[in-house]
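Reminder, nothing fancy here: chain letters follow the sequence lines and each chain counts from 1. Atoms considered below: every heavy atom in the structure, side chains included; atoms not considered: hydrogens, waters and symmetry mates. None of these values were measured; they are calculated from a predicted model.
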Number of protein chains: 4
Amino acid sequence: MTSSLRREPRQARSRAMVERIVDAARAVLAAEGYDAFSTNRVAAAAGVSPGSLYQYFPDKTALVDVLARQWVDRMSDDVAGALLAHVDAEAPDLLRSAATALLDAVERDPLMLRIVWLELPGARNVAARDALERRVRDVLTTYLRLRHPATAERADRLAWVLVLTAQQLTVRFVLDPDPPLTREQLVDELVAVSAGVLGVPGVPD
Amino acid sequence: MTSSLRREPRQARSRAMVERIVDAARAVLAAEGYDAFSTNRVAAAAGVSPGSLYQYFPDKTALVDVLARQWVDRMSDDVAGALLAHVDAEAPDLLRSAATALLDAVERDPLMLRIVWLELPGARNVAARDALERRVRDVLTTYLRLRHPATAERADRLAWVLVLTAQQLTVRFVLDPDPPLTREQLVDELVAVSAGVLGVPGVPD
Amino acid sequence: MTSSLRREPRQARSRAMVERIVDAARAVLAAEGYDAFSTNRVAAAAGVSPGSLYQYFPDKTALVDVLARQWVDRMSDDVAGALLAHVDAEAPDLLRSAATALLDAVERDPLMLRIVWLELPGARNVAARDALERRVRDVLTTYLRLRHPATAERADRLAWVLVLTAQQLTVRFVLDPDPPLTREQLVDELVAVSAGVLGVPGVPD
Amino acid sequence: MTSSLRREPRQARSRAMVERIVDAARAVLAAEGYDAFSTNRVAAAAGVSPGSLYQYFPDKTALVDVLARQWVDRMSDDVAGALLAHVDAEAPDLLRSAATALLDAVERDPLMLRIVWLELPGARNVAARDALERRVRDVLTTYLRLRHPATAERADRLAWVLVLTAQQLTVRFVLDPDPPLTREQLVDELVAVSAGVLGVPGVPD
DNA sequence: AATGAATGAGGCTTCATTCAT
DNA sequence: AATGAATGAAGCCTCATTCAT
């Protein structure tokens with residue numbers, strides 16, 4: 001009786017627990033790598049008992065998946081949003097704005113980027129990464145079909161090429177300890193690549 | 001004479017063991033993923049005792065490293081060789097030849113490609129992959145300085161961009177179960193990207 | 001009330017586990033020697049899983065150390081207590097009482113005596129044995145300085161000699177399968193040795 | 001034919017091998033302790049193949065036994081010889097000479113002393129140590145019966161006491177890193193103990 | 001819902017020993 | 001006699017997971 005009054009509503013408690021666990025998982029991965037990422041270790045870091053972890057995650061892999069999915073979802077929203085925001089601009093500006101926005105998104109959480117890209121076992125997170133790529137590609141394909149009818153027939157291929165290229169260059173720019181170009185130069189190169197492939201003028205000269 | 005026929009000399013036996021183990025390691029990784037990659041599992045797959053594995057590899061990680069290193073070394077040779085082989089060609093042909101050669105190299109051993117790219121723990125093999133990238137970038141940088149003096153000052157950046165892009169597109173083309181372009185189309189796009197970035201005519205039109 | 005009957009509280013459970021493990025460790029050592037003293041063997045003998053052992057002991061050596069330390073501590077208390085209890089007696093009685101008390105202490109747990117003296121790897125338990133000797137020597141040195149001022153200047157040496165001698169004779173008396181003297185005769189000899197070294201009359205004749 | 005001439009006679013070769021192995025075993029024990037004492041390690045240290053070791057020792061334990069036995073035999077000879085050499089002397093001199101000779105013997109090979117006393121698993125070498133004690137006790141008992149008829153009836157007990165005491169004190173004097181008495185003082189105490197127990201004047205006063 | 005003691009399969013590695021040469 | 005590659009049982013220990021409370 002009395003004790004039931006002291007408690008937080010169920011939802012809130014669960015949410016708190018899940019968050020503590022997920023945060024701890026991130027922290028452990030970031031600080032000690034995937035080798036130290038044991039359920040016991042995470043539970044300890046979360047100040048929670050190992051058993052509790054299994055009330056919210058059926059599996060160790062489920063926890064990993066949530067981590068990846070969370071990151072992918074936010075990244076996905078960021079990137080898609082950025083693209084949509086600039087969809088009206090004219091070509092040269094568009095490319096530059098889009099490139100900048102993409103880089104912003106990738107730079108937003110370098111810690112998780114490193115975790116998802118380097119720490120998590122690749123095979124298990126291809127699915128999550130694929131979802132991200134697919135979504136962005138769809139947006140881009142649509143855009144290309146509408147605004148660059150000239151490239152319509154190869155819109156699919158172009159989207160695939162552009163998304164993979166932009167992803168690779170931005171991710172590596174953030175992860176590499178000492179990339180051989182500045183942020184601005186990277187944007188320039190991204191624009192150049194896109195413009196070249198699209199057959200539009202990259203830089204207003 | 002006669003005795004040499006009874007058994008292989010010592011060297012050959014060791015080589016045979018190492019090969020059996022490395023082959024088994026590859027097979028286990030390919031068939032069951034890194035999670036099943038235990039020393040006992042590998043030894044069993046090699047038809048060898050667990051102890052024998054440790055006569056040739058100090059560590060489980062040493063075995064992984066050999067796997068990665070082997071692949072990286074061959075890939076490295078293939079790619080660098082391919083670039084050097086076409087270094088005299090004129091621009092449009094050069095790009096097309098180089099792109100084709102690169103794709104050939106990447107396609108040569110899809111099994112190991114998948115293993116190195118998706119199965120092995122990222123953090124542990126960044127070093128190996130970096131070595132590969134670095135080597136190819138050096139070749140490319142040199143080439144650009146000599147043959148494209150116009151781009152000399154940004155040769156470093158260009159090489160970084162081109163290597164990462166070409167790597168990403170070819171690797172993904174091979175690994176993705178259903179890429180949205182054909183081999184020829186990929187080559188076309190690679191040429192287009194490179195030409196665009198380099199400011200040379202990509203396709204003779 | 002009712003719930004407390006169902007199970008022991010947490011503390012008691014842990015204590016029970018530790019005790020089961022330590023008892024099993026003793027049993028294994030006594031029955032099968034240090035060679036059979038493996039963590040798995042001990043766990044099995046304790047009716048406990050190998051993992052449980054590591055919830056209470058960080059190491060195999062920690063278990064060994066606890067065993068040695070337990071015995072040394074009790075022995076230490078017994079012997080020091082015995083000496084202090086007789087510190088007021090007059091010389092001849094004192095020696096006899098002390099010798100008897102010492103022998104009592106050594107005889108108290110012949111099983112552990114055998115384990116600590118013969119089964120445990122010497123090098124690893126010298127520290128524990130040393131602590132015991134040191135403590136007894138300190139008591140004895142103090143006693144000698146106060147009650148045998150004549151020997152004050154060589155109190156250190158005498159204590160070293162007497163402690164080592166008494167230890168050796170009592171321990172060997174207990175451990176040797178067929179010692180050539182009776183318990184009473186051993187006490188007599190201990191008194192004789194001590195009296196001789198101290199320069200006091202040993203047996204009132 | 002020709003090759004048989006190049007060879008050393010069989011005996012000599014075996015002896016050389018056995019010696020190399022035993023020496024290596026000693027070295028390994030002295031330098032790295034019993035934990036590092038593996039047959040492979042010893043073979044390597046001896047510059048010999050693991051297989052060869054098994055041509056001369058059926059077992060790992062056999063090697064350990066030889067080590068212990070060798071030491072015990074020499075020690076045995078030394079001590080017994082020393083006692084016999086002084087058997088004619090008169091009491092006070094005798095005790096002093098014997099004590100000195102015993103100490104000489106124990107000090108002769110401190111490395112092996114440490115190995116036998118602290119490194120080797122106790123239980124396995126009790127036999128060897130017992131043999132040593134028994135032999136010395138026999139000599140001493142005989143001496144006591146002949147020269148100290150007064151103590152004849154307790155000669156057995158006395159020999160047991162004296163041998164164990166002298167052994168303990170001398171061994172510990174050599175092994176302890178910082179014993180609280182000098183060599184001369186130890187001899188004095190040994191004489192005092194013996195004299196006290198025997199009921200003879202220890203120091204000519 | 002939360003706990004945390006307990007589990008036990010299994011991972012990595014060592015090492016005494018064998019045996020074909 | 002000597003070799004040394006090969007063995008494989010077994011040792012220590014971890015960790016994902018369960019379950020009684």
Length of the CZ-P vector between Phe37(B) and dT13(E), whole Å: 11 Å
Using whole Å, what does the distance between atom C1' of nucleotide dG4(F) and atom CD1 of Ile21(D) come to? 14 Å
Could you please name the option among dT7(F), dA1(F), dC13(F) that lies closest to any side-chain atom of Met17(B)? dT7(F)
Gap between atoms NZ and C1', on Lys60(B) and dG10(E) respectively (whole Å): 12 Å
Can you tell me if Ser49(D) touches the phosphate of dA2(F), counting only side-chain N or O atoms and a distance under 4.0 Å to OP1 or OP2? no
Could you tell me whether the side chain of Gln55(D) has a donor or acceptor atom within less than 3.5 Å of a complementary atom in the base of dA1(F)? no
Could you check whether Ser52(B) gets within reach of a base, just the sugar-phosphate, or nothing at all, counting any heavy atom under 4.0 Å? base
Only pairs with both distances under 3.5 Å count, Watson-Crick or wobble alike; so what is the partner of dT18(F) in this structure? dA5(E)
Test salt bridge (Lys or Arg N to Asp or Glu O under 4.0 Å) applied to Asp65(A) and Arg124(A), step by step: CA-CA 8 Å; Asp65(A) 287 349; Arg124(A) 189 164 281 141; 5.6 Å; no
Closest to side chain of Tyr54(C), choosing from dC12(F), dT14(E), dT17(F): dC12(F)
Starting at the 5' end of DNA chain F, which residue's closest nucleotide do you reach first, Val48(B) or Arg41(C)? Val48(B)
Between atom CG in Leu53(A) and atom C1' in dT17(F), what is the gap in whole Å? 10 Å
Determine the minimum heavy-atom distance between Val42(A) and Ile21(A), stating which atoms define it. CG1-O, 3.9 Å
Test your reading of the model: is there a side-chain donor-acceptor pair from Asp109(C) to the backbone of Met112(C), 3.5 Å cut-off? yes
Would you mind reading off the distance between Asn40(B) atom CG and dT7(F) atom C1', rounded to a whole angstrom? 13 Å
I want to check one thing: is the phosphate of dA16(E), taken as OP1 and OP2, less than 4.0 Å away from some side-chain N or O of Thr39(D)? yes
List the steps, then state whether salt bridge (Lys or Arg N to Asp or Glu O under 4.0 Å) holds for Asp23(C) with Arg20(C). CA-CA 5 Å; Asp23(C) 289 351; Arg20(C) 278 168 76 182; over 6 Å; no
Quick one: Tyr34(A) OH to dC15(F) P, roughly how many Å, whole number? 12 Å
Could you go through Asp59(D) and Thr61(D), starting from their C-alpha distance and side-chain angles, then the distance that decides it, and tell me whether this counts as side chain to side chain donor-acceptor pair (under 3.5 Å)? CA-CA 5 Å; Asp59(D) 240 12; Thr61(D) 71; 3.0 Å; yes
Expressed as a whole number of angstroms, how long is the span from Leu63(D):CG to dT17(E):P? 11 Å
Write down the distance between CG (Asp35(B)) and P (dC12(E)), rounded to a whole number of angstrom. 11 Å
Between dT17(E), dA16(F), dT17(F), which nucleotide has the shortest distance from any of its atoms to the side chain of Pro50(A)? dT17(F)
